[in-house]
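One structure is given below, encoded as structure tokens.
Chain A is the first sequence line, chain B the second, and so forth, proteins listed ahead of strands; every chain is numbered from 1.
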Amino acid sequence: MLQISFIQTNADKVVAGLEKRNFPDAGNVIKKVLDLDTERRSIQSEHDSVLSESNGLSKQIGMLMKDGKREEAETVKAKTASLKAKSKTLGEALSKTEAALQSLLYTIPNVPNEAVPGGRSEKDNEIVSNHGSSPALGADALPHWELVKKYDIIDFELGNKVTGAGFPFYKGKGARLQRAMKNYFLDKAVEAGFVEVQPPIFINKESGLGTGQLPDKDGQMYHMTEDDLYAIPTAEVPITNMYRDVILKKEALPVKHVGFTPCFRREAGSWGAHVRGLNRLHQFDKVEIVLIDLPENSYDRLKEMCGHVQMLLESLGLEYRVLNLCGGDLGFTAAQTFDMEVFSAAQDKWLEVSSVSNFETYQANRLKLRYKEDKKTTLLHTLNGSALALPRILAAILENNQTPEGIKIPDVLVPYCGFDTID
RNA sequence: AGAGAGUUGGCAGAGUGGUCGAAUGCGGCGGUCUUGAAAACCGUUGUACCGCGAGGUACCGGGGGUUCGAAUCCCUCACUCUCUGCCA
């Protein structure tokens, strides 16, 4: 969430930023925040001074008891009653105000970076660049959901039977190709200096709050009520939360991690005819890169991470484009996001395969992730990106590389697969 | 899952109702000494909030309670360890 100190000194900037996101009634919401904060401070001052007085009396009582002056102690004790009542009232008022401020802050998204274009929806995203090209497919070209049937490499019906829609089975060369991509993506990230981790795929409430999935996206995660755990929607959550309540030494920066996990998304309300096959799933595999660094470096790091993702896409020979997300399409916690979309030729569609974001201090403030220098602690910047999400890459490879002889596996994956054609 | 024992500052580890935000040791930082280093010695060393400041408040696993006063007593939850059970 946003830092209250930042809002205090940059109220206009915050309001303007929120308006760029089309956040409703930004001016009034920010005013409410500032009012609550003023109230909080005045209550705390008063509360603290009552506590201070009461602490003083308690100490007096202690000393009197020690000296055996029991009666004098009783006299002082009588004085504490009114203070106690006062401190109780003030304490309750303080918690109430703090809670109100906190929950209001939780509803406020991050302020977009200046380079984020204005706009309402994905239609307004800025296309930064186009790369590569897709093959001209014949009229008989099949979309991937037909191809996977033809070669029997993914079984959606079986998934329906065993679990439900959006939980496919990968079979034979389909499963092996998934495994190949996973290993290839992990190896490339490790080469780029990301330290591999294999995190838990369930997380607790604190972690959900730390990276901002809670309370904002409560309904989008699978929730196991028996143990009050959530299935992760992305490895970002457990990996970034490794650093919750951590004060890093400056020398430890940048922190770079990569992890492979399945990701679980309920996708409530976003199901429909336009999301066929692998385009949208409840469970999918993803390799995620996470980076933590000093505020002054974070936008350079964002570029580096985008560069890494682009290198992967180029090595796979896929046509892709880079989008600078507009304010209206930006995720709740992000200050700036670049999406990478690959062209899936047979369905004639761009598929988002990576989303690389800088959260600036928004997550760090919730996580209490800081670094220390000369006795001063400062919030760090967190970033993450997909590198990459597997199913949509698979969809594009299947469609773009289909030939009469079968589906050609990109050269870089052949050593990982052990075969060069799916036929 | 059952029984028992625990959870204290970066780490180790005292502290069982009152000047305890917390002894001591180690580590870290600064200094003295040294050609340099080590050793020794001296000093310093948590986080957040409020306050212009002086200073104040809170935090001893989380939450709640008893009390004028809680690291210390009570309740509750989580986690760790030991034994038993179960299990990839």
Side-chain angles (χ1 to χ4, degrees), chain A residues 1-9 33-106 198-210 214 223-230 238 241-253 255 262 361 363-380:
Chain A
M1 70 196 142
L2 298 174
Q3 294 169 87
I4 193 73
S5 57
F6 181 80
I7 300 177
Q8 281 164 354
T9 48
V33 167
L34 292 173
D35 288 349
L36 276 171
D37 185 53
T38 307
E39 191 184 328
R40 182 194 116 250
R41 274 152 52 207
S42 89
I43 296 172
Q44 188 183 330
S45 287
E46 204 181 337
H47 187 228
D48 281 358
S49 69
V50 171
L51 284 178
S52 176
E53 198 179 335
S54 153
N55 285 345
L57 291 179
S58 286
K59 275 182 189 169
Q60 261 185 52
I61 293 169
M63 284 189 282
L64 290 168
M65 298 289 266
K66 214 177 201 173
D67 296 344
K69 297 174 182 167
R70 197 161 279 271
E71 290 192 7
E72 279 182 58
E74 288 301 325
T75 318
V76 180
K77 226 187 242 191
K79 283 198 256 179
T80 62
S82 69
L83 284 175
K84 215 188 166 186
K86 222 174 177 178
S87 111
K88 194 176 173 218
T89 314
L90 286 167
E92 278 164 6
L94 183 61
S95 331
K96 209 175 138 193
T97 309
E98 277 172 348
L101 180 58
Q102 178 84 345
S103 51
L104 185 58
L105 284 172
Y106 273 144
Q198 194 175 340
I201 60 170
F202 297 154
I203 49 116
N204 58 27
K205 215 161 234 160
E206 288 71 31
S207 295
L209 285 167
L214 293 174
H223 184 207
M224 282 146 281
T225 53
E226 179 85 8
D227 297 293
D228 201 15
L229 295 174
Y230 295 83
N241 271 283
M242 289 164 67
Y243 296 91
R244 172 151 51 82
D245 289 315
V246 168
I247 299 176
L248 290 165
K249 291 208 175 83
K250 202 176 172 183
E251 307 87 76
L253 299 167
V255 167
T361 59
Q363 290 184 328
N365 190 33
R366 289 195 183 189
L367 292 160
K368 310 225 178 311
L369 165 54
R370 294 154 290 176
Y371 77 99
K372 195 169 186 176
E373 190 183 28
D374 302 330
K375 299 208 169 200
K376 211 176 140 226
T377 57
T378 311
L379 291 174
L380 286 161

If B/G17 has a Watson-Crick or G-U wobble mate with both distances under 3.5 Å, name it; if not, just say none. none
When you measure from the side chain of A/Ser103 to the backbone N and O of A/Ala99, does any donor-acceptor pair fall under 3.5 Å? yes
Could you work out the separation of B/U72 and B/G28 based on their C1' atoms and round it to a whole Å? 30 Å
Lys/Arg N to Asp/Glu carboxylate O, A/Lys77 vs A/Glu74, below 4.0 Å: yes
What distance separates A/Gln8 CD from A/Gln3 CD, expressed to the nearest 0.5 Å? 10.5 Å
When the P atoms of B/C26 and B/A38 are considered, how many whole Å apart are they? 16 Å
If you take all heavy atoms of A/Gly210 and A/Asn241, which pair is closest and at what distance? CA-OD1, 4.1 Å
Can you give one letter per nucleotide of nucleotides 62-80 of chain B, 5' to 3': B if a protein heavy atom sits under 4.0 Å from the base, S if only from the sugar-phosphate, - if neither? ------BS-----------
Pick the C1' atom in B/A22 and in B/A70, then give their distance to the nearest Å. 13 Å
Length of the NZ-C1' vector between A/Lys249 and B/U45, whole Å: 12 Å
Rounded interatomic separation in angstrom, taking CD from A/Glu46 and C1' from B/C49: 16 Å
Please report, rounded to the nearest Å, how far the C1' atom of B/U47 is from the OH atom of A/Tyr371. 17 Å
Using nucleotides 50-53 of chain B, report all nitrogen or oxygen pairs with the protein that are shorter than 3.5 Å.
from	atom 1	to	atom 2	distance (Å)
B/C50	OP1	A/Arg40	NH2	2.8
B/C50	O4'	A/Gln44	NE2	3.3
B/C50	O2'	A/Ser45	OG	2.5
B/G51	OP1	A/Arg41	NE	3.3

What nucleic acid atoms does A/Leu83 come within less than 4.0 Å of, heavy atoms only: base, sugar-phosphate, or nothing? nothing
Counting any heavy atom closer than 4.0 Å, what does A/Lys372 reach on the DNA or RNA strands: base, sugar-phosphate only, or nothing? sugar-phosphate
To the nearest Å, give me how far apart CG (A/Leu51) and P (B/C49) are. 18 Å
Taking A/Asn204 for the side chain and A/Leu229 for the main chain, is one N or O donor matched with an acceptor at less than 3.5 Å? no
Atom CG of A/Leu101 and atom P of B/C49: how far apart are they, to the nearest Å? 13 Å
Pick the C1' atom in B/A40 and in B/G63, then give their distance to the nearest Å. 49 Å
Does any nucleotide pair with B/U7 by Watson-Crick or G-U wobble geometry, both distances under 3.5 Å, and what is it? B/A78
Is the backbone of A/Gly91 close enough, under 3.5 Å, to the side chain of A/Ser95 for a donor and an acceptor to pair up by distance? yes
Look through every strand shown and name the nucleotide pairing with B/A54 as Watson-Crick or G-U wobble, where both distances are under 3.5 Å. none
Report the base-pairing partner of B/C73 (Watson-Crick or G-U wobble, both distances below 3.5 angstrom), or none. B/G65
Any-strand Watson-Crick or G-U partner of B/U35, both distances under 3.5 Å: none
For B/U47, does either OP1 or OP2 sit under 4.0 Å from a side-chain N or O belonging to A/Arg370? no
With a non-hydrogen cut-off below 4.0 angstrom, is A/Thr377 in contact with a base, only sugar-phosphate, or nothing? sugar-phosphate
Rounding to an integer number of angstrom, what distance separates B/G10 and B/A5 when you compare their C1' atoms? 26 Å
To the nearest 0.5 Å, what is the distance between OH (A/Tyr371) and CG (A/Leu248)? 11.0 Å
For the pair made of CG in A/Asp67 and C1' in B/U19, what is the distance, rounded to whole Å? 12 Å
B/U57 phosphate, OP1 or OP2: any side-chain N/O from A/Ser52 under 4.0 angstrom? yes
If you compare all heavy atoms of A/Leu94 against all heavy atoms of A/His47, which two are closest, and at what distance to 0.1 Å? CD2-ND1, 3.9 Å
Atom of A/Val50, atom of A/Ser87 and distance for their closest heavy-atom approach: CG1-CB, 3.7 Å
Watson-Crick or G-U counterpart of B/C29, or none if no pair lies under 3.5 Å: B/G43
Here the gap from A/Leu51 atom CG to A/Glu46 atom CD, rounded to the nearest 0.5 Å, amounts to 11.0 Å
Separation of the P atoms in B/A48 and B/G43, to the nearest angstrom: 27 Å
Here the gap from A/Asn365 atom CG to A/Leu105 atom CG, rounded to the nearest 0.5 Å, amounts to 8.5 Å
Please give the distance between the C1' atoms of B/G21 and B/U47 as a whole number of Å. 11 Å
Report the distance from atom CG of A/Leu369 to atom C1' of B/A48, rounded to the nearest whole Å. 16 Å
B/G4 and B/A58: how far apart are their P atoms, nearest whole angstrom? 36 Å
Please state how far atom CG in A/Leu379 lies from atom P in B/U47, giving the value in whole angstrom units. 14 Å
